[in-house]
Amino acid sequence: MENESSIDLQGLACPVPLPHTKQVVMGHGSGGRMTHDLIQKVFLPHFSNPSLLAGNDAAALNFQAVTGTSPNEIETRKIPQIAVSTDSHVVWPLFFPGGDIGRLAVCGTVNDVAMLGATPLYLTAAFILEEGLPMETLEQVVHSMGMAAEEAGVHLIAGDTKVVQRGKADGLYINTAGIGIIPAGIMIGGARATPGDVVILSGPVGDHGIAVLSARGELGFEAEIISDISPLNHLVKSMLAVSGEDASPIHTLRDPTRGGLATTLNEIARQSQVNILIYEEKIPVRPAVRAACEMLGFDPLYVANEGKLVAIVSPQAAEATLDVMRRTHYGEEAVIIGEVREATAGRVLMKTAIGGTRIVDILAGEMLPRIC
Amino acid sequence: MKYTLEYRDARLVSNVIARINKLVEEYDRPLVLMEICGGQTHAIMRYGIDQLLPSQIELVHGPGCPVCVTSLELVDKALAIASIPGVIFTSYGDMLRVPGSGQDLNTVRAQGGDVRVVYSPLDAVKIAQQNPDKQVVFFGIGFETTAPANAMSILQAKALGLTNYSMLVSHVRVPPAIRAILSSPNNRVQGFLAAGHVCTVMGYWEYPPIADKFGVPIVVTGFEPLDLVQGILMATQQIVQGKHNVENAYARVVTFDGNKPAQSVISQVFMDCDRKWRGIGMIPASGWCLRPEFSIFDAEARFSVEQIQPEESPLCIAGLILQGTQKPPDCPAFGSYCTPENPLGATMVSSEGACSAYYRYTGRSVVNEPVTVS
């Protein structure tokens, strides 16, 4: 038996903090708090302007100086506006169950534009190709982009191609930018969530992230999980047709991509200075995704989606919006998952399945699998 | 997922809570229980189990997070080895963000080190097979749970005749840690929830002498809400009745003897050794290291790495938290200087660490502003 009296308990034992301000690390691309810090500390000081500071998935633009519109008309969105967004796609592997980098490049940007209530019209695409990439692979990706663009009803109107030396890129990267029109009268943004509003989720979460992990062979088991990549602009368009007491009853739309549902809801809560309360038992997760998350120690709330949206809707219009969503292909599994509460803290709270309450925080760095 | 969701049934959980309430009403004194395992700490915070318990019961969070207790010296050695050109350093994901003295493995990777996350040490052996011209090192951390797979990787590497695989071993064991906590003059813990996963491998034959010697009940407990409240109920019952037995609340998985083949693989490869625990200090015979016949797979022997003196943050109280004498919100740095993306201590880094559990699930100012929803 050990001699217990010899144990000398130590007390304080911690190393100095590592802020990761000297170098970019993978966590800076997670979409969570490290990404936010990067934007705040590195980008915004150089690019600050009202459109960017609005902090939405796309920028809403007006051309006041050119058109002679009065600021008041712009404020109340009496005239149509232009929505612009851009997104780079570096997913690996290039092909995975349910999609590929091409479909992702189109849908990702189409969805960002649509999240302002805009009708996406045009895309640009820039390709960075690695020397040695099989032409057949490129053709497959481009074919897939064409199919996705057709489904979304957008035209690819400008492009660029660069080739880099072997080893300087991982096969193929695609950047796309999208342009759309926000119809007059539509006011959708991350800062518009209002106490009493209802939170609607368009379907189960976590499919995309787990499908990509599975395609990388990182699950260690076979799982039939298919990415949810899809263009959501038609779904958004049908939602906009719902009328409510206020002229634009859909207050916020956002697609929970990197960082997952948890990070997206936190962004909205902070921008709108409200609390968002969600109910664990109401959040849909497919059994295979839940099982994969259980085994790896992931929380499905933080896993990426590419074909889901969160809508914050005025309570009077909630049922009608849900009804309309469920009649569309990409919204047929839509559910109400929570509500907006008055607060200044800007937090996301969750009633757990067994009746406790906990905070749902933003993703900190990279999502890492657990040990045991 | 079947056989898991049943253990999250709100009605069953509240039945057990009602029984706990009844017990402590009659007892009328405070009760301090420690859950050993960080996975249990997270489940407690994630489901808000602590909020459902009567205020008389205090749960303190034990040192059962392998990431948190891996000594700073070993983390520094890992960083030094991972920085050597020609080395592929493989690790469970959590260790990448644990700060050593001035760096973490993420930094090493950003500076060009070949650091890879693996899900199993057997993946590291595969990497070694595929890269005969590289040295592949696995960071072998963990409690008794990860030991069988880690030991198996050594046996596999030996069978394959691999000369380019080695392990930086930092294994720790639960029973010596429980003894250390109970031997401390400041100990407040009256009962333990033993870690279900550890006991799945080891059984619970090591615990009766501890329960006897220190007069505390020990209940082998699982990880789902119903498992946890059942473990708490059984430990409470024993304290109320003045008993100190070892009981098993996780019988669907754990047996008294444990997994014998796994134990045999462990004892084939590893032997007891003294181990320094971050935040607790040296605990005699509390770790496992490689047996002499496997010393060729010892990364510490294969790579001569200089030891760096660790720099401590005077603010962080991770040590006291790991011993269960303080709670994360008691720390002046909690939620302000110390956050998951800017961690002062390993308890904030690890997905099983107590500080990270508090931060993620209860918010940073948990003491001043309890989370309630009407």
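The basis for the numbers below is simple: all heavy atoms, side chains too, and nothing from hydrogens, waters or symmetry mates. Letters A, B, ... mirror the listed sequences (proteins, then strands); counts begin at 1. Keep in mind that this is a model prediction, so the values were computed, not measured.
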For the CD1 atom of A:Ile354 and the CG atom of B:Leu228, what is their distance to the nearest 0.5 Å?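 Answer for the CD1-CG pair, A:Ile354 versus B:Leu228, is 8.5 Å.
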
Nearest-0.5 Å distance that lies between atom CZ in B:Arg46 and atom CZ in A:Arg358: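 The distance works out to 5.5 Å.
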
Closest heavy-atom contact between [X] and [Y]?
X        : Y        : result
A:Val24  : B:Ala110 : O-CB, 3.5 Å
A:Ala353 : B:Ala10  : O-CB, 3.3 Å
A:Thr352 : B:Tyr47  : OG1-O, 2.9 Å
B:Tyr119 : A:Leu296 : CE2-CD2, 3.3 Å

Given heavy-atom pairs under 4.5 angstrom as the criterion, report whether the side chain, backbone, both or neither of A:Glu281 touches chain B.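 A:Glu281 has no heavy atom closer than 4.5 Å to chain B.
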
Output all residues satisfying ring-ring contact (aromatic ring centres under 6.0 Å, His included) with B:Phe143, sequence neighbours left out; order by chain, then residue number.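 Testing B:Phe143 for ring-ring contact (aromatic ring centres under 6.0 Å, His included), a comparison that skips the adjacent residues, returns B:Trp277.
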
Suppose we screen for ring-ring contact (aromatic ring centres under 6.0 Å, His included). Which residues come up paired with A:Tyr173, at least two apart in sequence or across chains?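 Checked A:Tyr173 against ring-ring contact (aromatic ring centres under 6.0 Å, His included); zero matches.
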
